[in-house]
Number of protein chains: 2
Amino acid sequence: MEDTDREIVRLLAHDGRMSYTDLAKATGLSTSAVHQRVRRLEQRGVITGYAAQVSSDAIGLPLTAFISVTPLDPGAPDDAPQRLAGMTEIEACHSVAGEESYILKVRVGSPGDLEDLLARIRAAANVRTRTTVVLSTPYESRPPAV
Amino acid sequence: MEDTDREIVRLLAHDGRMSYTDLAKATGLSTSAVHQRVRRLEQRGVITGYAAQVSSDAIGLPLTAFISVTPLDPGAPDDAPQRLAGMTEIEACHSVAGEESYILKVRVGSPGDLEDLLARIRAAANVRTRTTVVLSTPYESRPPAV
DNA sequence: TGTGAAAATTGTGTCCC
DNA sequence: GGGACACAATTTTCACA
C-alpha cells in the first residue's frame, strides 16, 4: 500500500467521521482524489466499515472477562460459535490453538451477571469454561500500524 | 438511557458515518433533535469516538494471538503496559485476575514476526509469556446490546 | 490518478414551541 | 426536548488532464 493510502487509513482509524475536506488538507490532495482513494480502500477491503465507539462502562457493562471454552463431548459437531452467537454479552469469539477451543471476550454488568452468563454458555454449548476477569484495561482497540 | 438514545447508539455503532438526516429518518425525529442527542451522548461519554475498521488481513497482519504475561521479578514496580505501549503489534493490554498479570492481544504478519515480538516483549518488560494463537475468528467487535 | 467546478445533500446555529 | 428554517460546509459526480 502506498504512503498516501496508509496516511488516509491512519487518519480514519483515528477519526472515522473526518470529512473528505480535512482528509484532503491533511494529505495535500483534492477532495475528489481523497474520496476516490477512500472508496478504493473500502472496495479492496482495507477499510471494512465505520463504527461509533461505545463506552461499556457508560452503558452499564463495567465488567469484562475472557472465557476459555472446551467442548465436553469431543465427538459432537462443534458449533459453539453459532450456539453462543445470540448472547449479546459476547463481544468476540476466537477459535484458538492450545488446550482450549475458543476464547470469548464478554462484557457484563456485575459478577452476578457473569455467573448467569457462564451458566448459559455451559448449557447452550455443552462446554467447560475457564474465566479470567479483567481488572483494568491500560489500552484496547489500538489501530494497527498501517 | 432512553429508547431513542439507545437506538441512535445502536445505529452509529453499526455505521459510524451515518448522516444526521438518516438518523433522523430512522428515529422519527428532526435532524436538530438527533444532532443534539448525539452531542449529549458524546458529552456523557457514551459515544467515545468514531473509527474506521481496518482489516488486519488486508494490511498484512493475518496472524492474531493472545499473550499472557507474568512478571519475572514480583518485587520490581510493574510498569509492563507502559514498557510495551510502543509496540504497535499490541492491539490491547488488559490487567487480569488469575495466575498471570496481563493479557495482550497482538497482530503480526507471520509466525516469525510473532517469535520476534515475544522476544521483544520478554526483554522489554522482564516477563514470562504464554501464547495462544488464534486460528479463526467467528466474530469480533460486536457492538454491545445498548 | 489527479484537478477543478457544479449540483445535490448535509451540517449547524438560531429562533420558536 | 423538539421542530423549522436558513446559510455554510461537505459530499458526490463529471469533464478533462
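Numbered from 1 within each chain, the chains take letters A, B, ... in sequence-line order.
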- Note on the structure: Per the under-4.0 Å heavy-atom filter, residues of residues 5-16 of chain A near DNA chain C come out as none
- Item | Crowding at CD, B:Glu115 (>12 non-hydrogen neighbours, <6.0 Å) | no
- Query: Which of these, A:Asp116, A:Leu118, A:Leu114, sits in a side chain to side chain contact (heavy atoms under 4.5 Å, CB included) with A:Val108?
  - Reply: A:Leu114
- Message: Under the criterion side chain to side chain contact (heavy atoms under 4.5 Å, CB included), I'd like the reasoning laid out for A:Leu12 against B:Arg17: C-alpha separation, chi angles, the key distance, then a yes or no.
- Response: CA-CA 11 Å; A:Leu12 283 175; B:Arg17 284 187 80 103; 3.6 Å; yes
- Reading DNA chain D 5' to 3', which nucleotide is the first, and which the last, to come under 4.0 Å of any heavy atom in chain B? D:dG1 to D:dT11
- When you match B:Arg37 and B:Thr31 each to their closest nucleotide on DNA chain D, which lands nearer the 5' end? B:Arg37
- Task: Begin with the C-alpha distance, continue with both residues' side-chain angles, and end with the deciding distance and a verdict on side chain to side chain contact (heavy atoms under 4.5 Å, CB included) for B:Arg44 and B:Asp5.
- Result: CA-CA 12 Å; B:Arg44 298 204 326 250; B:Asp5 281 346; 3.9 Å; yes
- Query: When we call it a touch if two heavy atoms are under 4.0 Å apart, what does B:Ser19 touch: a base, just sugar-phosphate, or nothing?
  - Reply: sugar-phosphate
- Message: Tell me if a side-chain donor or acceptor on A:Thr31 pairs with a main-chain N or O of A:Tyr20 at a distance below 3.5 Å.
- Response: no
- OP1, OP2 of C:dG11 versus side-chain N and O of B:His35: anything below 4.0 Å? no
- Task: Mind calculating the distance between CD (B:Gln36) and P (C:dT14) to the nearest angstrom?
- Result: 13 Å
- Query: Which heavy atom of B:Ala58 sits nearest a heavy atom of A:Gly45, and at what distance?
  - Reply: CB-O, 3.6 Å
- Does the side chain of B:Arg39 get closer than 4.0 angstrom to OP1 or OP2 of C:dG13 through an N or O atom? yes
- In terms of side-chain heavy atoms, does B:Arg10 have a donor or acceptor partner in B:His14 at a distance below 3.5 Å? no
- Query: Please give, in whole Å, the distance from C:dA5 P to A:Tyr20 OH?
  - Reply: 21 Å
- How long is the line joining CG of B:Leu23 and P of C:dT10, in whole Å? 11 Å
- Message: Considering every strand and a 4.0 Å limit on heavy-atom distances, what is the contact class for B:Ser30: base, sugar-phosphate, or nothing?
- Response: base
- Shortest non-hydrogen contact from A:Arg142 to B:Ala85? NH1-O, 2.6 Å
- So which one's nearest nucleotide on DNA chain C is more toward 5', A:Val34 or A:Arg17? A:Val34
- Query: Which listed nucleotide (C:dG13, C:dT1, C:dG11) is nearest to the side chain of B:Ser32?
  - Reply: C:dG13
- Please lay out, stage by stage, how A:Glu140 and A:Arg107 fare under the test salt bridge (charged side-chain N to carboxylate O under 4.0 Å, His left out). CA-CA 14 Å; A:Glu140 188 177 22; A:Arg107 310 255 193 200; 2.8 Å; yes
